[in-house]
*Asks:* 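The structure under discussion is supplied below as structure tokens; questions concerning it will follow.
To find a chain, count down the sequence lines: A is the first, B the second, and so on, and within it residues start at 1.
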2 protein chains.
Amino acid sequence: MAKVKKAELDLSTEEKIKEAASIVFTKKGYGNARTRDIAEEAGINLALLNYYFRSKEKLFQIVMAERIEKLFGVLAPILNDASTTLDEKLEKITENYVDMLLEHPDLPIFVLSEIRSNPEQLANRVQAPKILKESAFVKQLMERRSDINPLHFIINLLGMNLFPFVAKPVLQPILGSEDFYRQMMVQRKKLIPVWMKLMLDHG
Amino acid sequence: MAKVKKAELDLSTEEKIKEAASIVFTKKGYGNARTRDIAEEAGINLALLNYYFRSKEKLFQIVMAERIEKLFGVLAPILNDASTTLDEKLEKITENYVDMLLEHPDLPIFVLSEIRSNPEQLANRVQAPKILKESAFVKQLMERRSDINPLHFIINLLGMNLFPFVAKPVLQPILGSEDFYRQMMVQRKKLIPVWMKLMLDHG
DNA sequence: AAATTATTTAATCAAATGATTAATTTCTGC
DNA sequence: GCAGAAATTAATCATTTGATTAAATAATTT
């Protein structure tokens with residue numbers, strides 16, 4: 001055993017490399033990640049990285065597509081669901097994000113910072129924006145508050161959900177223990193929908 | 001003229017390099033930035049970078065300290081001011097952030113992503129957290145809402161202010177023009193304090 | 001103005017890094 | 001069990017990249 005990661009046990013070499021790449025890229029970013037770091041993390045020979053994925057860049061593109069999907073993929077089905085109320089959507093989105101981000105706290109900062117350093121190639125890969133304007137969600141928002149651009153509420157919802165994870169390295173020292181940080185994020189699952197409803201119905 | 005940046009005109013070589021480094025590091029991140037990029041941006045010979053700053057790493061540390069100060073330095077004086085009301089603080093913080101971030105939109109994602117990729121060295125450089133707990137701001141928050149951890153409100157305030165800039169590359173395509181993006185951010189100067197007050201007084 | 005110091009430049013170095021190669025081992029189909 | 005294919009390895013390559021050097025130029029001092 002020793003250094004072998006649990007999930008790595010029965011994965012194929014290709015999957016091991018992709019897993020390792022995801023870990024290393026997410027932790028350090030593309031520019032700070034070394035193919036040798038990835039090979040070591042995966043426990044494989046460096047040449048295998050190029051054997052299976054041709055290049056660091058190609059491997060990154062594959063990992064990045066998966067990470068973008070993981071971060072924004074949850075949105076589309078919820079936003080487009082005409083059978084749920086606006087309140088239910090707010091609750092679903094929050095619940096999904098908090099649960100997912102507690103498991104992958106550095107996902108948002110990774111995706112957003114990589115998009116920033118390469119916007120022309122990556123920004124258009126995010127699908128959610130494209131469906132947004134025609135979504136049931138936006139329609140419901142406009143019905144409820146016709147005087148405020150619905151994007152404000154979307155920014156607030158995503159901000160309250162994602163920001164505490166984006167800023168985790170700064171917030172953690174304030175909050176003290178990792179455990180207390182988790183506690184607060186769990187509290188927010190109930191609080192964020194309440195706050196969103198307040199903003200929608202007052203002011 | 002041509003490619004010469006306006007601010008660069010009468011700066012000393014040392015200042016030109018620091019300015020260029022700030023631009024290049026902020027746009028690409030440490031790992032993707034090349035000392036040759038910085039030299040070119042500054043319009044100076046590559047060797048001068050090492051002549052004035054010893055190394056890329058040292059130059060980065062200097063730039064980073066300034067960027068952290070720019071992003072979080074505005075907080076301490078406002079948070080500690082016992083002479084202003086909580087509502088005034090919310091308005092001041094929001095006004096300061098929106099104005100500053102419209103000029104430096106990629107500042108938050110830069111600082112936060114660099115801290116993520118090197119937390120042990122950078123996270124403790126942020127001063128704001130240290131003074132936070134003893135601040136007038138936190139006291140006022142606890143007075144107003146004793147049943148909710150004041151950090152929730154701080155997260156929401158920073159999230160609503162910083163997140164739209166952190167996520168700018170993703171949001172921009174939805175909003176369309178740069179001009180419309182600016183418009184929305186200006187709107188938020190009035191909206192965010194209103195929303196914060198709502199959260200504090202209801203729910 | 002001469003001497004000294006500071007700045008700038010072109011050329012070069014050494015290490016890091018992504019990628020390839022050729023040989024070896026393991027697996028698969030027959 | 002064997003032949004061919006696939007996977008793996010150690011060694012090496014070529015380029016990039018941060019940094020240095022020695023010479024040239026500019027600024028400052030006396």
*Asks:* Got a sec, which pairs hit ring pair (Phe, Tyr, Trp, His ring centres under 6.0 Å) with one end in residues 87-112 of chain A, sequence neighbours left out?
*Replies:*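 Qualifying pairs, neighbours excluded: none.
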
*Asks:* A:Y30: which residues meet the ring-ring contact (aromatic ring centres under 6.0 Å, His included) condition with it, sequence neighbours left out?
*Replies:*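 In terms of ring-ring contact (aromatic ring centres under 6.0 Å, His included), with neighbours along the sequence ignored, A:Y30 is linked to A:F25, A:F60.
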
*Asks:* Any non-hydrogen side-chain atom of A:L79 less than 4.5 Å from a side-chain atom of A:I93?
*Replies:*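 Yes; the side chains approach each other to less than 4.5 Å.
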
*Asks:* Whole Å only: how far is the CD1 atom of B:I38 from the C1' atom of D:dT17?
*Replies:*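 It is 12 Å, rounded to the nearest whole Å.
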
*Asks:* Please list, chain by chain and in numerical order, all residues satisfying salt bridge (Lys or Arg N to Asp or Glu O under 4.0 Å) with A:E134, sequence neighbours excluded.
*Replies:*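 For A:E134 there are no salt bridge (Lys or Arg N to Asp or Glu O under 4.0 Å) partners, ignoring immediate neighbours.
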
*Asks:* Please state how far atom CG in A:N32 lies from atom C1' in D:dT16, giving the value in whole angstrom units.
*Replies:*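 Distance, rounded to whole Å: 16 Å.
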
*Asks:* Would you mind reading off the distance between B:F60 atom CZ and D:dT17 atom P, rounded to a whole angstrom?
*Replies:*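 Answer to the nearest Å: 17 Å.
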
*Asks:* What's the CD-P distance between B:Q61 and D:dG18, to the nearest Å?
*Replies:*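 It works out to 15 Å between those atoms.
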
*Asks:* Sequence neighbours excluded, which residues qualify as salt bridge (Lys or Arg N to Asp or Glu O under 4.0 Å) partners of A:R145?
*Replies:*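 In terms of salt bridge (Lys or Arg N to Asp or Glu O under 4.0 Å), with neighbours along the sequence ignored, A:R145 is linked to A:D147.
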
*Asks:* Return a single string for nucleotides 6-18 of chain C, one symbol per nucleotide in 5' to 3' order, where B is base contact, S is sugar-phosphate-only contact and - is none, cutoff 4.0 angstrom on heavy atoms.
*Replies:* SBBBB------BB

*Asks:* Of all residues at least two apart in sequence or in a different chain, which pass the side chain to side chain donor-acceptor pair (under 3.5 Å) check with B:N118?
*Replies:*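 B:N118 satisfies side chain to side chain donor-acceptor pair (under 3.5 Å) with B:Q121 once adjacent residues are dropped.
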
